[in-house]
Amino acid sequence: MYVVRPVERADIGALEALGAVTIPGVHTLPRTREAIVAAVERSIASFAAHVDIPSEESYQFVLEDLRTREVVGTSSIHASAGSNGTYFAFRNDVIQQVSRDLNISHSVHALTLCSELTACSHLSGFYIRNRDSAGPEAALLSRARLLYAVLAPQRFGDRFFVPLAGVTDSDGQSPFWNALGRKFFKMDFLDAERVIDGARNRTLIVELMPHYPVYVPLLPGDAQAALGQIHPSGQLAFQLLTGEGFEADEYIDIFDGGPILQAHRKALRSFCASQLRQVENAASAPAAEAPVAYAVATTEQNFRAVIASCPPVEAAQAIRLPREAQQALGVSPGDSVTCVRI
């Protein structure tokens, strides 16, 4: 069984091991010990803070294999994007060009630097070991941070977004970056990512990136082809997020051109399909209906989330949890939990 829980200081070594692996397409995961420690400390402080409105809080979660006690994944959610500065993205625009003298009117696809996502809550840092063979635990790791938002709605905004890594080649180079960002930063893609530590809110971005619309037809063909495309390693995250209710919108990442998915909380399954139920012991007799897999989460104050297979709860007042799931969650019969079908 796997459990998702808030990160602890004891996880720092395990996170270092995860970050040491070459992870194509994952640029938002802290790699150095200094960055990992800072992220963990910020998360611990955020979980402990009394919050009335979302601000600079950042919440990091880990996926733990209870059989081996290993940390095998991590994910994060930031209360407000760009909390340490303005969050920048490119907006896909269509510019109308008109010449009355020539009697010509046509539309041009352009990219415009914008800061419109700054107030939204921001999902990032999703990584799971053995991604290609991952099972339902991957969905648990992705969804758990949203279940936490369900339990603590005052900590997050009404809109959520998640940037997905764009296309890069075998050497880690981005055709979109090479066509645009490199001309202004004067450095390779991976070097630029290291300089800003995966962030999109650094002052140097607005200092160096073009403030005028960039005409897409003027970009090289490989850069145009990469626009809004997902790195192969991001397909798992894309499937999980679109299944949750996220959709590709009008924004793309300013570095690699990857898509930015967005959703209002009312469109997300964790918000609109989750249910509060009381815990009961699993019945010894077979259930009348086939068991269903649920993501089950505890409270804001002692957050844990697991996957449990139990009889359907939609028409019931309680959820019949196996003892193993109760122990992993730290709950007993009579306690309340929040659950949503996986």
Side-chain angles (χ1 to χ4, degrees), residues 23-28 81-82 86-99 102 104-118 120 122-124 126 161-196 198-202 204-239 241-242 246-263:
I23 314 167
V26 180
H27 308 298
T28 56
T86 302
Y87 187 95
F88 294 104
F90 276 134
R91 184 181 61 239
N92 272 309
D93 284 331
V94 176
I95 296 177
Q96 298 294 327
Q97 292 191 317
V98 178
S99 171
L102 298 177
I104 293 175
S105 175
H106 61 261
S107 303
V108 179
H109 182 190
L111 303 175
T112 305
L113 191 69
C114 71
S115 58
E116 295 157 10
L117 296 174
T118 298
C120 301
H122 170 203
L123 284 69
S124 72
F126 176 82
F161 77 90
V162 50
L164 295 179
V167 174
T168 53
D169 62 22
S170 58
D171 296 323
Q173 294 299 310
S174 161
F176 182 79
W177 172 263
N178 287 340
L180 187 57
R182 184 171 184 166
K183 299 184 185 304
F184 299 93
F185 275 69
K186 305 299 182 184
M187 61 179 70
D188 286 344
F189 174 67
L190 294 178
D191 291 335
E193 284 284 10
R194 279 191 286 267
V195 165
I196 68 166
R200 297 295 185 267
N201 60 356
R202 298 285 293 276
L204 61 88
I205 290 174
V206 75
E207 290 174 343
L208 295 176
M209 280 292 189
H211 291 207
Y212 45 82
V214 176
Y215 283 20
V216 172
L218 298 181
L219 297 177
D222 60 347
Q224 293 187 47
L227 200 64
Q229 299 302 304
I230 304 168
H231 192 282
S233 67
Q235 286 297 327
L236 173 62
F238 176 76
Q239 293 167 7
L241 291 163
T242 53
F246 282 92
E247 296 180 347
D249 211 325
E250 69 220 75
Y251 303 98
I252 65 165
D253 186 79
I254 57 174
F255 272 39
D256 59 23
I260 295 177
L261 310 185
Q262 277 198 91

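None of the values given here were measured: they were computed from a predicted structure.
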Student: Hey, what do you get for CD (Gln173) to CZ (Arg182), rounding to the nearest 0.5 Å?
Tutor: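 Nearest 0.5 Å value for the CD-CZ distance: 6.0 Å.
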Student: Check whether any side-chain heavy atom of Ser174 lies under 4.5 Å from a side-chain heavy atom of Phe255, and answer yes or no.
Tutor: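 No, every pair of side-chain atoms sits at 4.5 Å or beyond.
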Student: Please check this pair: side chain of Asp253 against backbone of Gly258, looking for a donor-acceptor N/O pair closer than 3.5 Å.
Tutor: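 Answer holds: no.
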Student: Considering non-hydrogen atoms only, spot the tightest contact between Asp222 and Pro175 and give its length.
Tutor: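 Scanning both residues completely, I find the closest heavy atoms to be OD2-CB, 3.7 Å.
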Student: Return the CG to CG distance between Asp249 and Leu261, rounded to the nearest 0.5 Å.
Tutor: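 Here the rounded value is 9.0 Å.
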Student: What's the separation between atom CD1 in Ile254 and atom CH2 in Trp177, rounded to the nearest 0.5 Å?
Tutor: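 The CD1 atom of Ile254 sits 8.0 Å away from the CH2 atom of Trp177.
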Student: Taking all non-hydrogen atoms of both residues into account, name the closest pair between Gly181 and Met209 and its distance.
Tutor: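 Shortest heavy-atom contact: CA-CE, 4.1 Å.
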Student: Check the side chains of His231 and Ser233 for a donor-acceptor pair under 3.5 angstrom, ignoring hydrogens and angles.
Tutor: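 The criterion, which ignores hydrogens and geometry beyond distance, is satisfied for His231 and Ser233.
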Student: So, for Ala89 and Ile260, which heavy atoms are closest and what is the spacing to 0.1 Å?
Tutor: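 Shortest heavy-atom contact: CB-CD1, 3.9 Å.
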Student: Rounded at 0.5 Å granularity, tell me how far CG in Leu164 sits from CG in Leu123.
Tutor: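 Leu164 CG to Leu123 CG: 10.0 Å, rounded to 0.5 Å.
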Student: Counting only heavy atoms from other residues, nucleotides and ligands, does the tally under 6.0 Å from CD of Glu116 exceed 12?
Tutor: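 Count over threshold, so yes.
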Student: Using 0.5 Å steps for rounding, measure from the CD atom of Gln224 to the CG atom of Leu218.
Tutor: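 Those atoms lie 8.5 Å apart.
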Student: Does Leu117 form a side-chain contact (heavy atoms from CB on, under 4.5 Å) with Gln262? I'd like the steps, not just the answer.
Tutor: CA-CA 10 Å; Leu117 296 174; Gln262 277 198 91; 3.7 Å; yes
Student: Mind listing the closest non-hydrogen atom pair of Ile230 and Val167 along with its distance?
Tutor: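 Taking every non-hydrogen atom into account, O-CG2, 4.0 Å.
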Student: Determine, step by step, whether Phe176 and Leu111 satisfy the side-chain contact (heavy atoms from CB on, under 4.5 Å) criterion, reporting the C-alpha distance in whole Å, the side-chain angles of both residues, the deciding distance to 0.1 Å, and the verdict.
Tutor: CA-CA 12 Å; Phe176 182 79; Leu111 303 175; 3.8 Å; yes
Student: With rounding to the nearest 0.5 angstrom, report the CG to CG distance, Leu241 to Leu236.
Tutor: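 If I round to the nearest 0.5 Å, the distance is 9.0 Å.
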Student: Return the minimal non-hydrogen interatomic distance between Ile95 and Ala110, and the atom names on each side.
Tutor: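 Looks like CD1-CB, 3.6 Å.
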Student: I need the single residue from Leu113, Thr112, Leu180 that forms a side chain to side chain contact (heavy atoms under 4.5 Å, CB included) with Val214. Which is it?
Tutor: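 When Leu113, Thr112, Leu180 are each tested with Val214, the side chain to side chain contact (heavy atoms under 4.5 Å, CB included) holds only for Leu180.
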Student: Is the Phe161 to Tyr87 ring centre distance short of 6.0 Å?
Tutor: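 Here the rings of Tyr87 and Phe161 have centres that are less than 6.0 Å from each other.
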Student: For Pro232, give me all partners under side-chain contact (heavy atoms from CB on, under 4.5 Å), at least two apart in sequence or on another chain.
Tutor: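 Listed in chain order: nothing, the list is empty.
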